[in-house]
Amino acid sequence: MPPLASDLATGFVAHRDELVDRYRAAGIFDDRPLWAPLVDAVAATPDAPAVSDAATGRTLSYADLLAAADGRAAGFVAAGLQPGDRAVLQLHNSAEFAVAFFGLLRAGIVPVMTLPAHRITEIAHLAAGSGARAYICDDVRGGFDFRELAADLRERVPAVQQVFVTGDPGAFASLPDRPGPWTPPAIDADLPALFLVSGGTTGLPKLIARTHNDYAFNAVTSAEIAGLTAADTYLAVLPAAHNFPLCCPGLLGMVGVGGHTVFAQNPSPDSAFDVIEKFRVTVTALVPALAQLWCAATEWEPADLSSLRLLQVGGSKLSEPDAAAIDAAMGPVVQQVFGMAEGLICYTRAGDARELVHVSQGLPMSPFDEVRVVDQDGRAVADGEEGELQVRGPYTIRGYYRAPEHNARSFTADGFYSSGDLVRRLPSGHLSVTGRIKDTIVRAGENVAADDVEEHLLAHPGIAHAAVVGVPDDALGELICAVVVGGRDAAVPSLPDIRTFLAARGLAAFKLPDRIHPADSLPVTSVGKVDKAALREQLAR
Ligand code: OOB
């Protein structure tokens with residue numbers, strides 16, 4: 001492999017040699033570029049549909065997709081970008097997302113996968129941190145002009161020299177297109193193929209470098225577990241740049257089997273149900289809040305959802321009653337997915353008893369995943385006990401990109417990622433996610449896990465959504481504050497009602513909420529998880 005002229009490898013934390021050797025000996029790294037399955041699919045079924053836009057009905061066959069991606073690749077290079085360069089990609093769900101993404105990969109340019117909800121603070125931070133030379137965005141979406149963000153970005157991060165815009169480019173360039181044959185550069189499959197961004201709700205997102213080898217393994221294994229075939233149609237309705245719809249198995253899993261991916265921007269049931277019916281969608285992925293909404297909507301939205309065989313739910317905790325309700329409303333379709341951009345993905349399996357699918361967040365995807373559940377001192381807890389999940393494995397990073405100070409905190413000396421997630425290992429080996437290390441309220445010296453209180457609140461028939469956060473208090477340190485969204489047609493119950501209800505369920509007195517804040521909705525992060533940091537800020541004001 002010729003050494004890369006670029007500085008891509010600077011600040012990249014590679015796996016340790018002896019472990020790479022072990023993974024390679026097991027045959028789980030195939031040393032091919034991440035785009036290789038696209039070329040395979042073109043060879044096998046050039047005319048099969050690869051990607052469609054739900055909104056316009058535009059469909060690209062596999063041959064079309066590769067030709068379009070190669071036109072982009074040649075265009076990016078003609079515009080002065082080089083293999084190993086980074087480009088911040090911020091596109092809404094569309095066939096063009098797939099064209100630009102594969103175009104960058106075919107040019108050897110490394111995309112930084114940002115989400116449509118990111119704004120200048122995050123984009124500037126990610127562009128600077130990755131050393132990006134280009135920014136790719138849509139013109140205007142949802143009333144927001146991304147070209148203005150681009151102009152701001154050019155000022156704040158002058159190293160971003162190129163801006164490419166879909167639609168009306170304004171002062172910038174359109175996405176480049178140089179049709180014709182294209183020879184992709186050689187790559188080193190153990191170097192980053194793309195950057196994901198961390199999903200944390202505190203601080204600025206961190207850059208997560210995923211290699212060709214590790215991400216291809218992620219896609220293939222996920223597709224196997226989901227039982228994907230060329231006959232499947234996947235609906236990408238979560239933001240496509242997120243790990244879940246991108247590779248778990250998502251777009252990349254579908255390309256690997258030659259299946260069809262449909263992109264939609266509107267996840268509301270009235271719109272998404274039409275798409276499922278029209279394209280006979282078989283698989284999709286949602287966050288719990290959306291899955292709950294879809295489940296409720298089956299009662300009033302007339303739609304034929306019989307094609308849907310797998311509804312993946314992950315990103316935050318799906319409660320047992322909600323999982324059971326979705327199965328009851330839509331058939332036994334739920335698959336729980338507990339994953340992180342840093343690597344580890346857990347899935348419930350097709351053969352699991354439905355009760356296990358409802359109570360657990362799944363089993364690690366690979367036998368090579370090493371999972372430890374540890375106490376505050378880093379010692380393994382007994383099986384069944386709650387502790388922090390630490391993980392090491394073939395597709396879990398060894399460190400964030402160019403972030404040594406974070407790495408000292410988030411990774412152990414022997415290379416495990418400390419996830420901050422609290423889990424319990426069930427006898428089957430499945431994990432149950434019980435909370436986040438930092439998501440506790442310290443009230444009068446007692447530690448109260450927010451998740452614990454939330455689960456009991458959700459059992460109240462008058463409560464549809466609940467988030468529990470601590471608010472500072474002079475006397476008790478923190479007060480337990482529950483922000484609750486009422487059920488359909490129901491007023492939010494009063495504080496005394498709720499306390500009586502929770503006490504009757506056997507919740508300890510020190511865990512009962514001190515305050516109830518009714519709300520119409522809960523603030524969410526870019527991918528749709530409840531944003532506790534934003535809630536705390538709102539309550540502080
Ligand atoms: C996914 O990835 P990220 O990077 O946006 O967020 C990871 C964090 C996890 O550490 C955990 O705190 C939480 O999100 N999480 C869950 C969960 N799935 C993710 N917490 C409870 N139950 C679950 N099922 O969110 C992600 C990546 C790939 C596939 C699915 C989700």
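Note that ligands are numbered from 1 as they come in the structure, with each ligand's atoms numbered from 1 the same way.
Within the 4.0 Å heavy-atom shell around ligand 1 one does not find Gln312. Under the 4.0 angstrom criterion for non-hydrogen atoms, Asn243 is in contact with ligand 1. Using a non-hydrogen distance threshold of 4.0 Å, Gln361 registers as a contact of ligand 1. Taking a 4.0 Å cut-off on heavy atoms, Ser316 registers as neighbouring ligand 1.
Between the CD1 atom of Ile437 and the CG atom of Asp421 there is a distance of 8.5 Å, given to the nearest 0.5 Å. Atom OG1 in Thr233 sits 11.5 Å away from atom CD1 in Ile276 (nearest 0.5 Å). Considering CD1 of Ile397 and CE of Met340, their distance stands at 10.5 Å, rounded to 0.5 Å.
For atom 5 (O) of ligand 1, the candidate residues are Arg436, Lys317, Met340, His242; the nearest heavy-atom contact is made by His242. Nearest to atom 12 (O) of ligand 1 by heavy atom, out of Thr348, Thr525, Asp421, is Asp421. The heavy atom nearest to atom 27 (C) of ligand 1, considering only Gly339, Pro249, Ser360, is found in Gly339.
At least one N or O atom of Ala341, backbone or side chain, sits closer than 3.5 Å to an N or O atom of ligand 1. Of the N or O atoms in Gly315, one or more lie within a sub-3.5 Å distance of an N or O in ligand 1.
Near Val337, meaning under 4.0 Å from one of its heavy atoms, ligand 1 places the atoms 18 (N), 23 (C), 24 (N), 29 (C), 30 (C). Against a heavy-atom cut-off of under 4.0 Å, Phe244 is close to the following atoms of ligand 1: 28 (C), 29 (C), 30 (C). Below 4.0 Å from some heavy atom of Ile345 lie the following atoms of ligand 1, by number and element: 28 (C).
Contacts between Lys529 and ligand 1 below 4.0 angstrom, taking non-hydrogen atoms only, involve the side chain exclusively. With a 4.0 Å heavy-atom cut-off, ligand 1 is reached by the side chain of Val433 but not by its N, CA, C or O. Of all the heavy atoms of Val527, none lies under 4.0 Å from any atom of ligand 1, so neither backbone nor side chain is involved.
Side-chain contact between Leu104 and Val110 is absent, with no heavy atoms from C-beta onward closer than 4.5 Å. Between Phe102 and Leu252, the closest side-chain pair of non-hydrogen atoms falls below 4.5 Å. Between Trp294 and Leu305, every side-chain heavy-atom pair lies at or beyond the 4.5 Å cut-off. Here the side chains of Tyr347 and Gln312 are in contact, with some heavy-atom distance below 4.5 Å.
Under a cutoff of 6.0 Å and an axis angle of 45°, Arg398 and Phe12 do not form a cation-pi pair. With Phe195 as the aromatic partner, Arg210 does not meet the cation-pi criteria of under 6.0 angstrom to the ring centre and within 45 degrees of the ring axis.
Here Tyr400 and Phe411 bring their ring centres to under 6.0 angstrom of each other.
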